[in-house]
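Just below is one structure, and these are the notes that go with it.
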Amino acid sequence: MMTTAEILTALLLLIAGIGIFLVACQMMSSNLESASSNKLKNLFSRASGSKLLGVGIGAVGTAAIQSSGATTVMVIGFVNAGIVSLAQAATMIYGANIGTTVTAQIVALGMFGNSALSTSVIFSALAGFGSFMMILGKRDIIKKTGGILTGFGMLFVGLDLMSDSMAGFAALDSVKIFLAHISNPFLLVLIGTVFTAIIQSSSVMTSIAIAMVYSGLIGLDQGIFLTMGSNIGSCVVAILAGITSGKNAKRTALIHLIFNCSGVVIFMIAYYLFYFIGGITFGGMFESVFPGVPQTQLAMFHTFFNVMTVLIVLPLTGMLVKIVCRIVPDKPDNIENPDAPRLFFIDDNMLKTPPVAVEQTKKEIVNMAGIAMGNFNRSLEIICNMNFSEENDFAKDEKELNFLNYAIVNFVVKLSEKQQLSEEDHIYLSSTFRTVRDIERIGDYAENIVEYAVSLKNSNSSFSKDAIKEIQHLRDLINDMYEKVMRAYTNGDMFSLGQADAVEEEVDVFTKQMEDKHIERLSEGICSPSVGSQYLSLSSNAERVADHLMNVGKTIRIKTM
């Protein structure tokens with residue numbers, strides 16, 4: 001019989017174990033994200049294609065960062081930014097549910113061995129080795145690897161504390177009798193759901209259930225229902241992310257909830273069918289397949305449950321998307337203004353997975369550069385042909401550029417505070433502030449050129465044919481340079497940067513030639529001084545556009561992405 005002090009000790013051990021386990025999950029997740037940032041970026045950049053590819057991306061990504069919640073929130077960000085479709089997001093969420101079962105398998109593995117040197121002791125010792133690497137390591141990758149090992153080892157330190165507390169409670173007949181009475185499957189599912197929703201980690205709930213089954217505190221079937229409930233409770237993170245986002249983000253969160261609830265409903269129906277027809281239980285099935293290892297029995301059920309749910313729901317993805325679109329319908333009267341400025345590739349939900357957010361930031365900046373150059377070309381079209389038909393489109397994109405200038409910088413400030421970023425990512429993000437400013441300035445110079453066109457229009461003037469040909473040649477040079485700069489910026493291509501640098505020198509030489517030719521035309525009376533003033537200003541502005549483009553390209557010299 002345990003004393004009050006022993007009961008209190010066991011309870012405190014349980015709380016301590018849960019706390020260490022949660023910290024370990026966070027530490028391992030953040031360092032895994034940082035150490036594998038480039039691989040994660042490449043993985044999620046393929047977020048399109050077949051359903052199986054989506055499932056694979058979700059599973060591998062979640063297994064890598066050890067957090068289905070982070071993966072789901074990131075997918076919601078992708079949908080909100082319009083990067084992936086609802087159907088593709090659904091398959092990635094399916095995969096995240098499979099990937100999260102890795103934690104349960106690791107926990108079960110750590111419970112093998114009853115000798116003085118069990119696997120749990122060996123794995124726990126990794127926390128010490130990892131700590132030494134974090135403290136003594138000089139290189140960033142060594143420190144991150146140390147963080148991964150420390151988090152991995154702490155998982156088992158926390159698990160041991162939880163197991164010890166469970167063993168203490170298992171010695172109390174009153175506790176056993178109380179838990180034995182909680183045999184109603186629906187009540188157990190509810191308990192698993194509520195507890196997971198509170199701690200916002202299905203991995204912790206599943207690990208506690210494994211520890212309870214391993215210590216004999218509850219039966220395998222009870223653990224199975226608690227685990228099923230944890231799947232529903234894990235939707236809370238996604239729901240919170242969806243509520244604060246757009247319509248499609250809400251639909252994605254709803255897909256996650258329906259998918260997880262569907263799995264529980266299907267397995268509950270199957271449980272009662274097996275039980276009433278043949279007297280078979282899930283616990284009995286897995287005990288016969290994996291005899292004598294209760295921790296593995298529950299971990300394997302967890303994997304089986306999620307894989308089977310995916311196999312059942314995957315063919316019905318199209319129908320599921322239609323259902324959520326009806327539940328969260330489009331509202332014609334409240335449709336957002338399609339011309340309103342917006343971010344195209346980044347979303348605050350992506351801050352949950354910083355390495356992927358870095359890659360999306362680069363895409364947003366490349367997109368911003370495309371908008372700026374589009375307006376530059378529009379401005380030359382307007383002034384050369386005195387065609388103001390695209391003036392409204394120009395104004396809309398100038399407004400978009402001003403918005404992106406603020407919004408990207410604001411996002412990067414928040415992203416830079418994340419600990420999961422590698423040193424390379426930090427270096428890159430530090431360069432984005434100037435890059436965004438350079439791109440915004442290209443838009444400003446294009447705006448100047450349109451103002452010159454308006455001035456010419458008001459004075460019923462225009463450029464000569466020779467001047468227009470020179471402007472068009474300058475435009476072609478700068479567009480060629482733009483393509484090379486973007487290739488260099490996107491791929492870290494130093495050869496393309498060298499090519500862009502050569503074109504920039506051509507621009508400098510040619511703008512000097514434009515000045516000389518203008519003076520010739522002025523002396524010959526072909527153009528007036530007022531028109532010539534606008535021409536020289538245009539030439540100077542275009543040269544500055546080339547300079548800012550070159551500044552964007554040169555940032556690859558200070559980063560190694």
Side-chain angles (χ1 to χ4, degrees), residues 362 365-384 401 427-428 430-450 452-453 463-523 527 531-561:
K362 182 192 286 188
I365 289 173
V366 170
N367 177 66
M368 182 183 180
I371 295 172
M373 283 302 296
N375 256 11
F376 174 68
N377 286 320
R378 273 200 193 102
S379 69
L380 296 183
E381 172 67 20
I382 290 171
I383 201 166
C384 286
L401 287 172
I427 292 172
Y428 169 70
S430 68
S431 74
T432 60
F433 298 104
R434 180 175 177 180
T435 298
V436 170
R437 186 173 68 250
D438 279 316
I439 293 173
E440 197 270 339
R441 290 294 293 145
I442 291 173
D444 290 343
Y445 285 119
E447 197 171 20
N448 290 344
I449 294 171
V450 171
Y452 303 151
F463 292 140
S464 66
K465 290 183 179 180
D466 288 338
I468 290 174
K469 286 181 181 180
E470 290 163 6
I471 292 171
Q472 289 172 340
H473 180 67
L474 180 60
R475 177 199 62 196
D476 293 341
L477 283 175
I478 293 176
N479 276 283
D480 182 39
M481 179 184 169
Y482 161 71
E483 291 177 3
K484 290 175 170 57
V485 165
M486 286 299 102
R487 188 158 57 244
Y489 184 79
T490 303
N491 304 319
D493 185 350
M494 295 299 295
F495 178 73
S496 294
L497 181 63
Q499 290 181 314
D501 196 26
V503 177
E504 200 263 343
E505 290 181 8
E506 286 186 56
V507 170
D508 290 342
V509 171
F510 188 72
T511 51
K512 181 63 174 65
Q513 292 175 357
M514 289 174 70
E515 292 179 19
D516 295 339
K517 290 180 180 179
H518 161 68
I519 293 172
E520 290 179 13
R521 286 193 292 271
L522 193 61
S523 63
C527 68
V531 173
S533 174
Q534 308 290 5
Y535 177 80
L536 291 177
S537 296
L538 182 152
S539 170
S540 175
N541 277 232
E543 184 182 10
R544 294 297 296 148
V545 166
D547 291 339
H548 285 293
L549 277 175
M550 204 62 218
N551 288 341
V552 173
K554 286 177 180 177
T555 59
I556 70 171
R557 292 175 178 170
I558 61 170
K559 64 185 179 69
T560 54
M561 289 198 56

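Quick note: numbers below take in every heavy atom, side chains included, and nothing from hydrogens, waters or symmetry partners. These numbers come from a predicted model, not from an experiment.
- Between Leu380 and Leu538 the shortest side-chain heavy-atom distance falls below 4.5 Å.
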* Asked: Going through the checks in order, is the side chain to side chain contact (heavy atoms under 4.5 Å, CB included) test met by Asn541 and Val545?
  -> CA-CA 6 Å; Asn541 277 232; Val545 166; 5.7 Å; no
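- With Glu447 as the partner, the side-chain contact (heavy atoms from CB on, under 4.5 Å) test is satisfied by one option alone out of Asp444, Val450, Ile449: Asp444.
- In this structure, OG on Ser540 lies 10.5 Å from CE on Met514, to the nearest 0.5 angstrom.
- Residues Phe463 and Glu470 form no side-chain contact, since every pair of their non-hydrogen atoms from C-beta on lies 4.5 Å or further apart.
- Using a 4.5 Å heavy-atom cutoff, the side chains of Met486 and Val366 are in contact.
- Residues Gly443 and Ala372 approach most closely at N-CB, 4.4 Å, considering heavy atoms.
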* Check the pair Arg557, Met494 against side chain to side chain contact (heavy atoms under 4.5 Å, CB included), reporting the backbone distance first and the verdict last. => CA-CA 8 Å; Arg557 292 175 178 170; Met494 295 299 295; 3.9 Å; yes
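- Taking 4.5 Å as the limit, every side-chain heavy atom of Glu543 sits out of range of all side-chain heavy atoms of Leu474.
- Note that the OG atom of Ser496 and the CG atom of Asp501 stand 12.5 Å from one another [nearest 0.5 Å].
- Heavy-atom minimum distance, Ala446 versus Ser379: O-CB, 3.4 Å.
- When atom types are taken as modelled, the side chain of Thr511 and the backbone of Asp508 share a donor-acceptor pair closer than 3.5 angstrom.
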Validation: residues 475-483 side-chain donor-acceptor distances under 3.5 Å, sequence neighbours left out:
from: Asn479; atom 1: OD1; to: Asn377; atom 2: ND2; distance (Å): 3.0
from: Asn479; atom 1: ND2; to: Asn377; atom 2: OD1; distance (Å): 2.8
from: Asn479; atom 1: ND2; to: Arg475; atom 2: O; distance (Å): 2.9
from: Asp480; atom 1: OD1; to: Lys484; atom 2: NZ; distance (Å): 2.7
from: Asp480; atom 1: OD2; to: Lys484; atom 2: NZ; distance (Å): 3.3

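- Applying the salt bridge (Lys or Arg N to Asp or Glu O under 4.0 Å) criterion to Arg378, with sequence neighbours excluded, gives Glu390, Asp397.
- The CG atom of Asp438 lies 11.0 Å from the CD1 atom of Ile365; values are rounded to the nearest 0.5 Å.
- Taking NZ of Lys517 as the start and OG of Ser464 as the end, the distance is 11.0 Å to the nearest 0.5 Å.
- By the salt bridge (Lys or Arg N to Asp or Glu O under 4.0 Å) test, Asp547 is found to be paired with Arg544, residues two or more places apart in sequence or in another chain being considered.
- Note that CD of Gln472 is 8.5 Å distant from CD of Glu381, once rounded to the nearest 0.5 Å.
- In this structure a side-chain-to-backbone donor-acceptor pair under 3.5 Å is missing from Thr432 to Thr435.
- The number of heavy atoms from other shown groups lying within 6.0 Å of CZ (Phe495) does not exceed 12.
- Side-chain contact check for Arg434 versus Asn551: some heavy-atom pair is nearer than 4.5 Å.
- For the atom pair CG (Leu497) and CD1 (Ile556), the distance works out to 4.5 Å, reported to the nearest 0.5 Å.
- Using the six-membered ring where Trp is involved, Tyr489 and Tyr428 have ring planes that are tilted, between 30° and 60° apart.
- Between Lys554 and Met550 there is a side-chain heavy-atom pair separated by less than 4.5 Å.
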